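Worksheet: one structure, shown below.
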Amino acid sequence: MKHPNLGCFSAKQITVFGANRSGIAIARLLHDRGVNISLTDSRDIEALSTEITQLKNIPIEYYLGGHCESCIANAELIVVSPGVPLEIPILVEAKKRNIPILGELEVSASLCQAPIVAITGTKGKSTTTLLTAAILEADNRFSNVVVAGNIGVPLASKVATLTCKDIVALEASSFQLESTVTFQPAVSVVLNFSRDHLDRHGTMESYLNAKKKICANQTSSEWIVLNAADTTAKNFTHATAAKKAFFTDHLSNTDEEWKKLCRKMGDGIGACLRSNANNIGIYTYKDNQEHWVCNVADLPLEGAHNVRNVLAAIVVGTIFGITPVDMGKAIREFDRIHPALEHAFEKVSVIKGVDYINDSKATNVIATCAALESIEKTTELGGDAKRVFLIIGGYDKGNNYEPLIELVSTKVKNLVLLGEYTQNIEKTFSGCADMHHSATMAEAVEYAYTHATPGDIVLLSPANASFDMYTDYKERGQAFKNAVNSLETYQSLD
């Protein structure tokens, strides 16, 4: 199907699917470019009263409470929000009529004058996007560094003000990428890849193909940054013509190990760890030379998974010529307090010597693996290795829990199964740890509080989406925090 001329919207009749943040933003952007807009959503006008208010000054034809055939009758182009599956019946019908279907990201990026650094992965996208933005801001070479995408700020809401002197750090989800056609970031970053979103994509192959669109149109003038320790992510080298740069948290203890590792750093740029004196240093590599950036002990983010996120961001900074000194300063001064990082391995409190950690954003197995792998580094308290009360469960998106078996067996004292849909979890971890069923978050936290002893950790890391009990992971995380804060005996976080 021929791609529409995205630079000439004035003669277009476009239907936008989805009245969420992305849909609202793209409707405004296209209207401002002279496009006639129709907007459709499965929710009715009462449920969308707040959203519709944002478009009150724009002449839009609405089709609400369902997607009727009339909403595509005159459409020359359909723009879908990320939350709208491409296989719903009305879009299948649109395909039969040869109406082009593009995503908000595709359209917004085609109109964006600023270079884009697009970051994807099953885990760590938001943190790495913010770290990358902080590093790109370090030496003032860009007029403006904008954070956008799946992090909660649609690119469409920023495009109109961006110039070629700016740069965008963009979090890109598989839902956004699957509806792209010509998307071509200056730098793409693939952090990791693991089983997720099979309720949407159907198969791992479809999920992987959606992710690969981040780099499919890149040329040898652009870069891709890959996790050398993740086999699937590393294999994205075969999906693009872009220059390759790698990062890894493999630790080099000798000069020979370091040189051997650097020889594998793609097209001359990379980042990894190296022992120095009594510290573990984070180093960037460029033009056959190593450059110290900072020590792992300097990082304001806890957990081994965040070390990998920092390494990825450092590679991006190196590509753009940010100095190691400036990158190190940006990382050490990185502000952990950001709405996108709330509910992401967030330490809530210490009560009677027990840590309470909110990792509600862990909506898949790889995220919960990362949380458990990082447990030793989250507290100075002593205690047996099996000291975790893991609150797990939720809306299963087609998870395979087997990668968690060893971690649960060695670190989890008790699995607190939350909600009704925990049969697969219970079957997988039978014999690995004690289990307790809880119908509510308050009950789960109360149980852990009653049975945990000093040195233990109560960790909400569900490995599932929240839709069985909550609107989203944020509401679930807030329920955990409320339950912790309302415990009968409360002590302030040290």
Side-chain angles (χ1 to χ4, degrees), residues 83 85 87 122-123 174-175 192-208 343-345 356-373 375 386-452 456-480 483-484:
E87 301 306 320
T122 305
K123 163 71 178 174
S174 60
F175 294 179
N192 43 58
F193 182 83
S194 184
R195 189 183 185 95
D196 199 11
H197 297 305
L198 296 195
D199 58 328
R200 168 76 171 257
H201 297 295
T203 66
M204 285 288 283
E205 182 180 10
S206 294
Y207 177 41
L208 180 59
H343 313 295
F345 214 73
Y356 289 79
I357 297 175
N358 169 26
D359 196 35
S360 182
K361 202 171 184 181
T363 59
N364 51 57
V365 169
I366 189 176
T368 300
C369 282
L372 289 174
E373 288 170 350
I375 284 299
K386 293 190 70 169
R387 56 198 177 99
V388 179
F389 282 73
L390 177 62
I391 302 175
I392 188 172
Y395 173 71
D396 193 320
K397 298 176 287 183
N399 281 341
N400 172 18
Y401 298 101
E402 291 184 1
L404 277 166
I405 289 177
E406 182 178 355
L407 286 164
V408 169
S409 298
T410 56
K411 294 191 176 185
V412 175
K413 181 184 289 187
N414 198 300
L415 279 172
V416 185
L417 309 181
L418 181 63
E420 299 180 24
Y421 306 102
T422 56
Q423 295 88 345
N424 289 339
I425 299 173
E426 188 171 6
K427 181 179 178 180
T428 302
F429 300 115
S430 177
C432 296
D434 292 335
M435 298 186 193
H436 174 79
H437 288 268
S438 294
T440 67
M441 185 67 74
E443 182 184 322
V445 171
E446 179 65 29
Y447 173 82
Y449 172 72
T450 302
H451 292 82
D456 285 345
I457 296 169
V458 178
L459 172 67
L460 170 67
S461 191
N464 285 274
S466 58
F467 307 134
D468 60 327
M469 297 174 66
Y470 301 98
T471 303
D472 54 25
Y473 74 85
K474 299 175 186 177
E475 184 180 7
R476 178 173 60 189
Q478 192 58 52
F480 175 78
V484 172

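The first residue of the sequence shown is numbered 1, and numbering continues consecutively from there. Since the structure is predicted, the reported quantities are computational estimates derived from the model, not experimental observations.
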Which pairs of donor and acceptor atoms, one on a side chain in residues 462-475, lie under 3.5 Å apart (sequence neighbours left out)?
from	atom 1	to	atom 2	distance (Å)
Asn464	OD1	Asn399	ND2	3.1
Asn464	OD1	Tyr401	OH	3.0
Asn464	ND2	Tyr401	OH	3.2
Asn464	ND2	Pro462	O	3.0
Ser466	OG	Asp472	O	3.1
Ser466	OG	Tyr473	N	3.2
Thr471	OG1	Glu475	OE1	2.7
Asp472	OD1	Lys474	N	3.1
Asp472	OD1	Glu475	N	2.9
Glu475	OE1	Thr471	N	2.6

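Remark: Glu87 engages Lys95 in a salt bridge (Lys or Arg N to Asp or Glu O under 4.0 Å) (not counting sequence neighbours). For the side-chain hydrogen bond (donor to acceptor under 3.5 Å, both in side chains) test, residues two or more places apart in sequence or in another chain that qualify with Lys361 are Ser126. For Tyr447, the ring-ring contact (aromatic ring centres under 6.0 Å, His included) test picks out His436, His451, with sequence neighbours left out. Listed by chain and number, the residues in a ring-ring contact (aromatic ring centres under 6.0 Å, His included) with His437 amount to none (sequence neighbours excluded).
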Val458 and Val445: side-chain contact (heavy atoms from CB on, under 4.5 Å), yes or no, with the steps?
CA-CA 8 Å; Val458 178; Val445 171; 5.6 Å; no
With side-chain contact (heavy atoms from CB on, under 4.5 Å) as the test, would you mind laying out the steps for Arg476 and Thr363 before giving the verdict?
CA-CA 11 Å; Arg476 178 173 60 189; Thr363 59; 3.7 Å; yes
Given the rule in the side-chain contact (heavy atoms from CB on, under 4.5 Å) test, do Met441 and Leu460 qualify, once you have shown the distances and angles that lead to the verdict?
CA-CA 10 Å; Met441 185 67 74; Leu460 170 67; 3.9 Å; yes
Show, in sequence, the C-alpha distance, side-chain angles and deciding distance for Ile357 and Ile457, and conclude whether the side-chain contact (heavy atoms from CB on, under 4.5 Å) test is met.
CA-CA 7 Å; Ile357 297 175; Ile457 296 169; 3.9 Å; yes
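Distance alone, capped at 3.5 Å, places no donor-acceptor pair between the Lys123 side chain and the Ile366 backbone. No donor-acceptor pair closer than 3.5 Å links the side chain of Thr428 to the backbone N or O of Glu402. Here the side chain of Asp434 pairs no donor or acceptor atom with the backbone of Asn414 at under 3.5 angstrom. A donor-acceptor contact shorter than 3.5 Å is absent between the side chain of Asp359 and the backbone of Ala371. Lys413 places no side-chain N or O within 3.5 Å of a backbone atom of Ala433 that could act as its donor or acceptor partner.
In this structure, CD1 on Ile425 lies 6.0 Å from CG on Leu417, to the nearest 0.5 angstrom. Distance check, rounded to the nearest 0.5 Å: NZ of Lys386 to OG of Ser409 gives 6.5 Å. Interatomic distance, CD1 of Ile392 versus CD of Glu426, reported as 12.0 Å (0.5 Å rounding). If you take CZ on Phe480 and CG on Asn358, they are separated by 6.0 Å, rounding to the nearest 0.5 Å. Atom-to-atom distance recorded for Lys427:NZ and Thr422:OG1 is 13.5 Å, nearest 0.5 angstrom. A distance of 8.0 Å separates CG of Leu415 from SG of Cys432, quoted to the nearest 0.5 Å.
Here the closest heavy-atom approach between residue Ala442 and residue Ala483 is recorded as CA-CB, 4.0 Å. Asn192 and Thr122 get closest at one heavy-atom pair: OD1-N, 2.8 Å. In terms of heavy atoms, Leu372 sits closest to Lys411 at O-NZ, 2.7 Å.
Looking at Cys369 and Leu407, their side chains come closer than 4.5 Å, going by heavy atoms from C-beta outward.
Ring centroids of Tyr356 and Tyr449 are separated by 6.0 Å or more, keeping the two rings apart.
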